[in-house]
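All residue numbers in this chain count up from 1 along the given sequence.
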Amino acid sequence: MRRDLSCFGESSVQIANAASSSSSSTTARGGGGKGAAQNQVSCLYQARLSGRPCMISVTWSKGLAGMQGLSVAVDDPCGQCLCKADVKPWLFSKKKGSKSLTASDGKIEIFWDISGAKFGPGPEPLEGFYVTVVFDREMVLLLGDMKKDAYRKTCAIRPALSTLFLARKEHIHGKKIYSAKAQFCGSGQCHDIVIECDSVGLKDPCLEIRIDKRPVMQVKRLAWKFRGNQTIMVDGLPVEVFWDVHSWLFSSTASNAVFMFQTCPAPEKSIPWMYSQIFRGSQSQGLGFSLILYAWKIE
């Protein structure tokens, strides 16, 4: 197990601490309970503007009173923001709109219509919406099921190249069972992921991960193996699972564990765990799709 622990080093602690710090500051501003403000989902896409790569991040959030928020940002490969649209929770009554910015070689436009969207318990809409990014009348990114309405509104043409889904970051909550969904490849099915870990009052806590109700991984003696990695198979592809549950086991305050499911792992199974490196440039390193889960315990 020494090899598994060494592959994380100190960076795994940094990402967990960064998430905890973010939660503390957000909660302090919102005045909510422990981890209450961490109900959001962020997705990262790679697209092209006139042949040049760009990164598009879409973040859905849900406030304490159930108010929804949306943020869409378009960055160049160096991380410089080219265009951004924010629909704050207290302004979410404006559920239809657009924002544009003239760049050096074209016009970037962001359109959204969530006026008829249906939401589940999470921050993301389930149906009845669209979110688009258009560059010089080319549909760079299109999310949602109202595709005809989006093309009618934007008068855009279809893109020459498909958009790549690089990463998804999600905050999940539970007492000992945590659930999420993921599609690990473009042509694969959407899978149900369940993480089960009961660490309260147990001398020998155990971690189990199930995909579509089938156990794919179990870690015993978790107090000694609170960080590690293991390869599982999903849709016939190897998926590397990294976990860091140190805060669950040894923190006296409400904190979160971190899990990452990553396709196409590096040969040495040694990757940077800093969020900015994983979520903002993994494709250039050939790391494939990454699912990052922040699991918060509910007292």
Side-chain angles (χ1 to χ4, degrees), residues 7-8 11-12 14-16 18-19 22-23 38-49 53-61 69-82 84 122-124 131 133 140-144 161-172 178-193 195 209 211 229 231-232 234-235 237-244 256-266 269-296:
C7 79
F8 279 81
S11 59
S12 61
Q14 292 175 16
I15 188 172
S22 173
S23 171
Q38 293 293 337
N39 192 0
Q40 66 179 32
V41 173
S42 298
C43 296
L44 184 69
Y45 305 87
Q46 185 184 65
R48 290 190 171 271
L49 308 179
C54 71
M55 311 298 285
I56 304 175
S57 60
V58 179
T59 300
W60 301 92
S61 59
L70 167 65
S71 177
V72 183
V74 183
D75 296 349
D76 65 15
C78 297
Q80 183 69 32
C81 183
L82 302 176
K84 186 175 182 179
E124 288 180 293
V131 175
V133 176
V140 177
L141 176 68
L142 173 55
L143 304 177
L161 296 174
S162 300
T163 302
L164 297 178
F165 187 15
L166 300 184
R168 175 182 173 92
K169 183 190 74 168
E170 183 175 355
H171 294 262
I172 55 179
Y178 308 83
S179 302
K181 292 180 179 290
Q183 185 177 4
F184 292 99
C185 61
S187 58
Q189 70 179 87
C190 185
H191 297 280
D192 293 313
I193 300 174
I195 300 169
I209 296 179
I211 294 184
N229 63 283
T231 303
I232 63 174
V234 182
D235 295 331
L237 299 174
V239 175
E240 197 72 13
V241 181
F242 296 82
W243 70 89
D244 182 347
N256 64 287
V258 185
F259 298 87
M260 184 171 71
F261 298 77
Q262 188 178 76
T263 63
C264 304
K269 300 181 181 179
S270 175
I271 61 172
W273 258 68
M274 291 302 293
Y275 166 71
S276 59
Q277 294 174 327
I278 295 172
F279 202 69
R280 282 285 177 188
S282 60
Q283 187 65 19
S284 62
Q285 303 174 26
L287 297 180
F289 172 76
S290 298
L291 171 66
I292 306 166
L293 300 175
Y294 295 84
W296 297 86

Report yes if some heavy atom in the side chain of Phe261 is under 4.5 Å from a heavy atom in the side chain of Leu293; otherwise report no. yes
Atom of Tyr294, atom of Ile292 and distance for their closest heavy-atom approach: CE1-CG2, 3.8 Å
Test salt bridge (Lys or Arg N to Asp or Glu O under 4.0 Å) applied to Asp235 - qualifying residues, sequence neighbours left out: none
Shortest non-hydrogen separation from Arg48 to Cys54 and the atoms involved: N-SG, 4.3 Å
Evaluate Met260 against Glu240 for side-chain contact (heavy atoms from CB on, under 4.5 Å), listing each step before the verdict. CA-CA 8 Å; Met260 184 171 71; Glu240 197 72 13; over 6 Å; no
Taking atom CG of Asn229 and atom CH2 of Trp243, what is their separation to the nearest 0.5 Å? 6.5 Å
Just verifying a value: how many Å separate His191 NE2 and Leu291 CG, rounded to the nearest 0.5 Å? 12.0 Å
So which heavy atom on Tyr178 is nearest to which on Ala295, and how close? CD2-CB, 4.0 Å
Close side-chain approach of Val133 and Ile56, heavy atoms under 4.5 Å: yes
Report yes if the side chains of Leu141 and Val74 come closer than 4.5 Å at any heavy-atom pair, otherwise no. no
Per the side chain to side chain contact (heavy atoms under 4.5 Å, CB included) rule, which among Ile232, Ile195, Val234 passes with Val241? Ile232
Value rounded to 0.5 Å, distance of OG in Ser57 from CE in Met55: 9.0 Å
I need the minimum non-hydrogen distance between Gln46 and Thr163, along with the two atoms involved. O-CG2, 3.4 Å
Could you tell me the separation between the CD atom of Gln183 and the SG atom of Cys190, rounded to the nearest 0.5 Å? 6.5 Å
To the nearest 0.5 Å, atom OG of Ser61 lies from atom NE2 of His171 at 10.5 Å
Is the shortest side-chain heavy-atom distance between Phe184 and Leu237 below 4.5 Å? no
State, to 0.1 Å, how close Phe165 and Phe289 come at their nearest heavy-atom pair, and which atoms those are. O-CD1, 3.6 Å
Tell me the closest heavy-atom pair linking Cys43 and Arg168, and the distance in Å. SG-NH1, 3.7 Å
In sequence, state the C-alpha distance, the side-chain angles, and the governing distance for Val58 and Leu70, and then conclude on side-chain contact (heavy atoms from CB on, under 4.5 Å). CA-CA 7 Å; Val58 179; Leu70 167 65; 4.0 Å; yes
As an exercise, state the distance from OH of Tyr45 to CG of Leu164, rounded to the nearest 0.5 Å. 11.5 Å
